[in-house]
Protein chains: 2
Amino acid sequence: MSSDAEPAGRHRRATISDVARAAGVSMSTASVVFSGKAPVAEATRERVLAAAGELGYTGPDPRAASLRRGRSGIVAVAFEEHLRTAFLDPVKTAMMDGLTDGLAELGSGVLLLRDEPGLGPDAPTLATAPIDAAVLIGCSGRMRESLDAVLARGLPVVVIEGDAGDEVPRIELDNGEAAAQLAHHVRALGHRRVAVVTLPFDAERERGDATPERIAQIVLPVTRIRLQSTLEVFPDARVVSAGASLIDEGVIAGRTLFADPRSRPTAVIAQSDLLAAGVIRAAEEAGLRVPEDVSVAGFDGIAVDGIGEHVLTTAVQPAAEKGRAAGDAVARMLAGEQPASIRFTCTFREGTTTGPVTGAETRAP
Amino acid sequence: MSSDAEPAGRHRRATISDVARAAGVSMSTASVVFSGKAPVAEATRERVLAAAGELGYTGPDPRAASLRRGRSGIVAVAFEEHLRTAFLDPVKTAMMDGLTDGLAELGSGVLLLRDEPGLGPDAPTLATAPIDAAVLIGCSGRMRESLDAVLARGLPVVVIEGDAGDEVPRIELDNGEAAAQLAHHVRALGHRRVAVVTLPFDAERERGDATPERIAQIVLPVTRIRLQSTLEVFPDARVVSAGASLIDEGVIAGRTLFADPRSRPTAVIAQSDLLAAGVIRAAEEAGLRVPEDVSVAGFDGIAVDGIGEHVLTTAVQPAAEKGRAAGDAVARMLAGEQPASIRFTCTFREGTTTGPVTGAETRAP
DNA sequence: TTGTAGGCGTTATCAA
DNA sequence: TTGATAACGCCTACAA
C-alpha cells in the first residue's frame, strides 16, 4: 500500500513532506494549506487535506514550527510560593483569570512555574523552559536569580506586585495610598489603640508580634509598603504578622490581639480581607462585637465567606485588571515595544466592620 | 572587543556552534558540556563555559532541543471550565497541587489550557500546543472533540474524574460507594424526607429543582454517579441542582429547600462541602438549627470556612493524591507503558452536622 | 499558484 | 575524550 512498508504498529509519524508527496504537491504548498498564509487552489487544498487524513497527519509539529518561527506561544507565569498557596488566594486567582484571558488573546498559553529548584532534576525553569516571555508574581529577593536567567535569555519579563529593577515593567497597586486611606479612615473614627495584622514578611512566614528591627527588614514589597503607610498614621500600632493570607491565619493573629482584654486594640487593620475575616471571627470568639467593640478593616475587596452579614471596610483592588494588564504588557514587549509600568488604584469601600470608637475605649491609656 | 563586530544593540543570539568555535572545540563537545550526557575533560569544559560567558550564551535553545529530542517537557492540563472556576474549587486546587508536584518530578511543566475555542485566533489548544501529554479534568461530552485531537496526535492522555473511553487511563473516585455510604448514614439516623443538592448537571449549569427527565440526562459523570447512588437509598428525594460548587450556590439551593416550612427536608445531602456549607448557612438564616432541625452532609472533606464550629459530615477524598497519580500515569505512558485506571477511595467522616431525626419530624407525611 | 532550497539550533550516532 | 555529520520538521524567500 504505502511506499515504505510500515509494520502495522505505529511508526514514524507522518510529516508535511509525506503529505505533500502523497498529495502530489510540494512541501510549501502543503505547508500553506495548513498555515493559510497564502491562497491555495481549492482542488489542491482538498487533495492535501485528503492525503493528510489518509496518513493521519494532524497538522504541523508545534516543536518544529516553534523552532522555525522562533516563538513557542508559551508564556511562563512564575510564583514564588507553592502553587496551592497561590491559588488559595482569591486575589491571585482573579489575577490569573485576567492574565490567562489576556494571554489567550495574544495567542499564548500559560506555563505554570514555581521558582523552587530541586523538584525534578530537569524540571523546567525560567532558565530552560521553551517560553517567549515570563510574568513574575510577587517577585522579591528569592526570585532574583531566576529573573537574571530570563533576562540573560533576552526574554521579555513583566512583574506583578514586585520589584525587578527599573528595566522591567511593573504592574502594581497604589498600596501605599490605599493603606493610608484606610488608616486615616480608622483614625477619623477616633481610634488610637490600633493593631495591624500583616501579610508575611518573607518566605519564612514567621508569625506573631514584630519588632521594629523585623519590620525594617521586610522583604515582600506589598507587605512593606502597606505597613509603612499604616505606621505613618499610627506609629505606635502593634504589628502582628500572619503566616499567609488565610482566614485561619487571621484567627490566629486575632486571638493574639484579643488575648488580654486590657491591652486589646479598638481597631485592627488587616492587610488582606481574608485576614480581616479571621480577625472578625476571633473577635466574636472573644465575645467582642464588630464594630461596636472593635473595628476591623481589610484590603483587597474580594468576596469573603464566613463573616455573616458583615461588609468589610476595605480597599478594593482591580485584581483581574492587573492580570489583564500584565498580559497586554507581555504582548507589547513581544511586539518590540517597551511598555511603561502601570499602577492601579484601589477604591476605598466603607463597610459595616468599622465604626467610631466607643466612650469606654477612648479613655484607655 | 568581540571578534564579530556587534553594533551595540542586540544581535543574533549566540548559538552552541558559536560557542564551540570560540572555544576551539566541536559542536558536539560543547553540547555535551551543557547536557552533561558524556564525560568532558575539565579543561575543555572550562574553556567552553568561558566562551559561553563571553558570548552571552545562556544554554541550549529549548525549542531546538525539543525538536531534536522529540519532547518538549510540557504537559497540558485542560479544564472544561473557566480557569477561575477551576481554581475557586478547593478540590481542584489540591489536585493541581499534587499534579504539578508529580509532573515536576517527571521533569515536566504544566501548561494550563481551557477547552474553550474562540479566545485568541491562534491560542494554543490541545491540538496545537507543544506538549508531550495531556491531563483532562472533568472530561465530559464537550471535551470529546479536543480529546480526539490529542489522541490523533498520538499523545498520552490521562483523565481525572471523567470518561474518555476505555483506552484512556482514568483517575477517579469511588463516588458511588461514598455517596451511598453517606446516604445510608443519613437513613440510619431516621431521616426519610431528604433533599439532594447536586453539582451542575452540565455546562449549562442550570439551577433549581430537577425533574426525573433532567436527572436522566446528566452529563457530568461525578454529578450523575453520586446522585444515582443517593437516589437508590432515597428514591423520593427532592433534587435541587446548584450552578457551581460554591458556598453561595449552596445558600441559594438551601433557601429553595427551606422556603416552605411544611415541606422542608429533615436532611440535606449536598454533593460538595462548599454546597453543604451554603446549605447550613441558609438553614441558620431560616432559623433552623443544624443538626437538630436539619442534618446536612457534604462531600470532599476539604477545610471549609464560614460554618463556625461545625464539622461537616462528609466523604473525605484524597484530592492531592489524585493529582499525583495522574502525574505518575503520565510518566508511565511517556515511558511506553499503558497504566491501568486508578480508583481512589473516600473516607467517611461523621461530623457534627448530621444527627438523628427529631420526634416532631418523623411524624411528617 | 506552485516548486526549490536553505536554514532554524540541537543532539544522536558513529568513528577517530 | 573529542569531532564530523546527519537528521529533527517546518517555513519562507525566491524563482518559475
Side-chain angles (χ1 to χ4, degrees), chain A residues 4 11-49 51-52 55-73 122 124 128-132 153-155, chain B residues 11-49 51-52 55-73 122 128-132 153-155:
Chain A
D4 45 348
H11 210 50
R12 172 181 141 272
R13 294 197 65 70
T15 76
I16 202 166
S17 101
D18 299 327
V19 174
R21 195 172 331 115
V25 300
S26 75
M27 275 174 65
S28 11
T29 305
S31 171
V32 163
V33 167
F34 287 102
S35 74
K37 297 236 171 181
V40 181
E42 184 54 26
T44 319
R45 220 181 78 83
E46 273 167 18
R47 210 139 34 87
V48 171
L49 259 18
L55 295 172
Y57 179 78
T58 56
D61 179 329
R63 289 180 297 260
S66 151
L67 171 60
R68 183 58 235 248
R69 284 204 262 256
R71 290 263 170 99
S72 66
D122 36 36
T128 65
I131 54 177
D132 298 335
R153 284 175 74 180
L155 297 178
Chain B
H11 209 51
R12 173 181 140 274
R13 295 198 64 70
T15 75
I16 201 166
S17 103
D18 299 328
V19 172
R21 194 170 335 112
V25 300
S26 74
M27 276 172 64
S28 354
T29 305
S31 171
V32 161
V33 166
F34 289 100
S35 74
K37 298 233 172 182
V40 179
E42 185 54 25
T44 318
R45 220 181 78 85
E46 272 166 19
R47 210 139 34 86
V48 171
L49 260 18
L55 295 173
Y57 179 78
T58 55
D61 179 330
R63 287 180 297 258
S66 154
L67 172 60
R68 178 61 239 228
R69 283 206 263 254
R71 289 265 171 98
S72 66
D122 35 38
T128 65
I131 54 176
D132 298 336
R153 285 175 73 181
L155 297 178

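Residue numbers begin at 1 in each chain, while the letters A, B, ... track the order of the sequences.
- Spacing between atom CG of B:D18 and atom P of C:dC8 amounts to 10 Å, rounded to whole angstrom units.
- Within the structure, the salt bridge (Lys or Arg N to Asp or Glu O under 4.0 Å) test picks out no pair touching residues 64-73 of chain B (sequence neighbours left out).
- The distance between atom CZ of B:R71 and atom P of C:dT11, rounded to the nearest whole Å, is 15 Å.
- Counting non-hydrogen atoms under 4.0 angstrom, B:T44 reaches the backbone sugars and phosphates but no base.
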### Task
Summarise protein proximity over nucleotides 6-16 of chain D in one line of letters, 5' to 3': B for base, S for sugar-phosphate only, - for none, counting protein heavy atoms closer than 4.0 Å.
BBBBBBB----
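- In this structure, B:R21 places its CZ atom 19 Å from P of D:dT2, rounding to the nearest Å.
- Residues B:L49 and B:V33 are in side-chain contact: their nearest non-hydrogen atoms beyond the backbone lie under 4.5 Å apart.
- A heavy-atom distance below 4.5 Å is not found between the side chains of B:M27 and B:T15.
- Evaluation of the salt bridge (Lys or Arg N to Asp or Glu O under 4.0 Å) test over residues 22-40 of chain B, restricted to residues two or more places apart or in two chains, returns none.
- Here the shortest heavy-atom pairing between B:I131 and B:S72 reads CA-OG, 3.6 Å.
- Between B:A38 and B:V32, the shortest heavy-atom distance links the atoms O-CG1, 3.1 Å.
- For B:T29 and D:dG3, the shortest distance from a side-chain N or O to OP1 or OP2 is below 4.0 Å.
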